[in-house]
Amino acid sequence: MNYMLETPIKGTIGNQKYKTAIHWRNGVLTTDEPEKLGGKDLGPDPYTLLLSSLVACTLATLKMYIDHKGLAISEIEIEANLFYKIENQEIVTHIERKIEFREQLDPEVQQRLMRVAEKCPISKILKGNINISTEFNNISTANDTNI
């Protein structure tokens, strides 16, 4: 199996209500829930992280293409949000992504950049079939006989 990440993402939570430490290859990212949900808003919540992944991937993918083609585009801004909608008696998640360029683009270039944005790896993951496998690993000592 070829994993995308050399080192898995590891998260821990302690006694502080929803504050987590997400360990990644180069450091630790703090996440939390907004105050209205009982957290202290000390870091991004899971929805923000999900949308941040999409925005960051889209920006990087567009920048690679722009640099490769030598296009004169100085800045790209992307905003994303999500909402739920009931369709055919099922709850469906909708993500809106809005891309803004500072320069006026030729319609043909704009269409090509739209196709490039749609092909960013995180877009593909979010639009594709995802399987999540979960397992529990119990950490106990060899002398623990009270179970």
[X] to [Y] - nearest heavy-atom pair and separation:
X: Leu113; Y: Ile66; answer: CD2-CG1, 4.0 Å
X: Asp32; Y: Lys40; answer: OD2-N, 3.0 Å
X: Cys120; Y: Thr58; answer: SG-OG1, 3.6 Å
X: Ile76; Y: Lys63; answer: CD1-N, 4.4 Å
X: Asp45; Y: Pro34; answer: CB-CD, 4.2 Å
X: Ile22; Y: Gly11; answer: CD1-CA, 4.0 Å

Inter-residue atom distance [X].[atom1] - [Y].[atom2], 0.5 Å rounding:
X: Glu96; Y: Leu51; atom1: CD; atom2: CG; answer: 10.5 Å
X: Cys57; Y: Lys124; atom1: SG; atom2: NZ; answer: 9.5 Å
X: His94; Y: Asn81; atom1: NE2; atom2: CG; answer: 13.0 Å
X: Leu42; Y: Tyr18; atom1: CG; atom2: OH; answer: 13.5 Å
X: Asp41; Y: Lys36; atom1: CG; atom2: NZ; answer: 9.5 Å

Taking atom [atom1] of [X] as the centre, report whether more than 12 heavy atoms of other residues, nucleotides or ligands fall under 6.0 Å from it.
X: Tyr3; atom1: OH; result: no
X: Glu75; atom1: CD; result: yes
X: Glu108; atom1: CD; result: no
X: Ile130; atom1: CD1; result: yes
X: His68; atom1: NE2; result: no
X: Gln111; atom1: CD; result: no

Using the rule that two of Ile, Leu, Val, Met, Phe, Trp, Tyr join whenever any of their side-chain heavy atoms come within less than 4.5 Å, decide whether [X] and [Y] are in one cluster.
X: Ile78; Y: Val116; value: yes
X: Ile122; Y: Ile9; value: no
X: Leu82; Y: Ile125; value: yes
X: Leu126; Y: Ile91; value: yes
X: Met114; Y: Tyr65; value: no

query = Is a side-chain donor or acceptor of Glu79 paired with a backbone partner of Ile99 at a separation under 3.5 angstrom?
reply = no
ask   = So, does Ser52 use its side chain to make a donor-acceptor pair with the main chain of Thr48 at under 3.5 Å?
value =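 Yes, the answer is positive, given that a donor and an acceptor are paired below the 3.5 Å cut-off.
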Residue of the set Lys98, Arg97, Arg102 for which salt bridge (charged side-chain N to carboxylate O under 4.0 Å, His left out) holds with Glu100 =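 It is Arg102; the other options fail the test.
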query = Between Thr12 and His23, is a side-chain contact (heavy atoms from CB on, under 4.5 Å) present by the stated rule, with each step listed?
reply = CA-CA 8 Å; Thr12 57; His23 301 264; 3.9 Å; yes
key: Steps toward side-chain contact (heavy atoms from CB on, under 4.5 Å) verdict (Arg25, Glu6)   = CA-CA 8 Å; Arg25 72 180 173 277; Glu6 295 172 18; 5.8 Å; no
request  = Please tell me if the side chains of Glu135 and Asn137 come closer than 4.5 Å, counting only heavy atoms from C-beta onward.
outcome  =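 Side chain of Glu135 against side chain of Asn137, heavy atoms only: contact under 4.5 Å found.
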query = Does Thr31 reach the side chain of Pro46, with side-chain heavy atoms less than 4.5 Å apart?
reply = no
inquiry  = Does Leu5 form a side-chain contact (heavy atoms from CB on, under 4.5 Å) with Trp24? I'd like the steps, not just the answer.
reply    = CA-CA 9 Å; Leu5 303 179; Trp24 60 290; over 6 Å; no
query = What class does the angle between the rings of Tyr47 and Tyr84 fall in, given that below 30° is parallel, 30 to 60° is tilted and above 60° is perpendicular?
reply =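 Tyr47 and Tyr84: perpendicular rings.
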inquiry  = Under the criterion side-chain contact (heavy atoms from CB on, under 4.5 Å), I'd like the reasoning laid out for Leu105 against Ile73: C-alpha separation, chi angles, the key distance, then a yes or no.
reply    = CA-CA 9 Å; Leu105 300 177; Ile73 296 174; 3.8 Å; yes
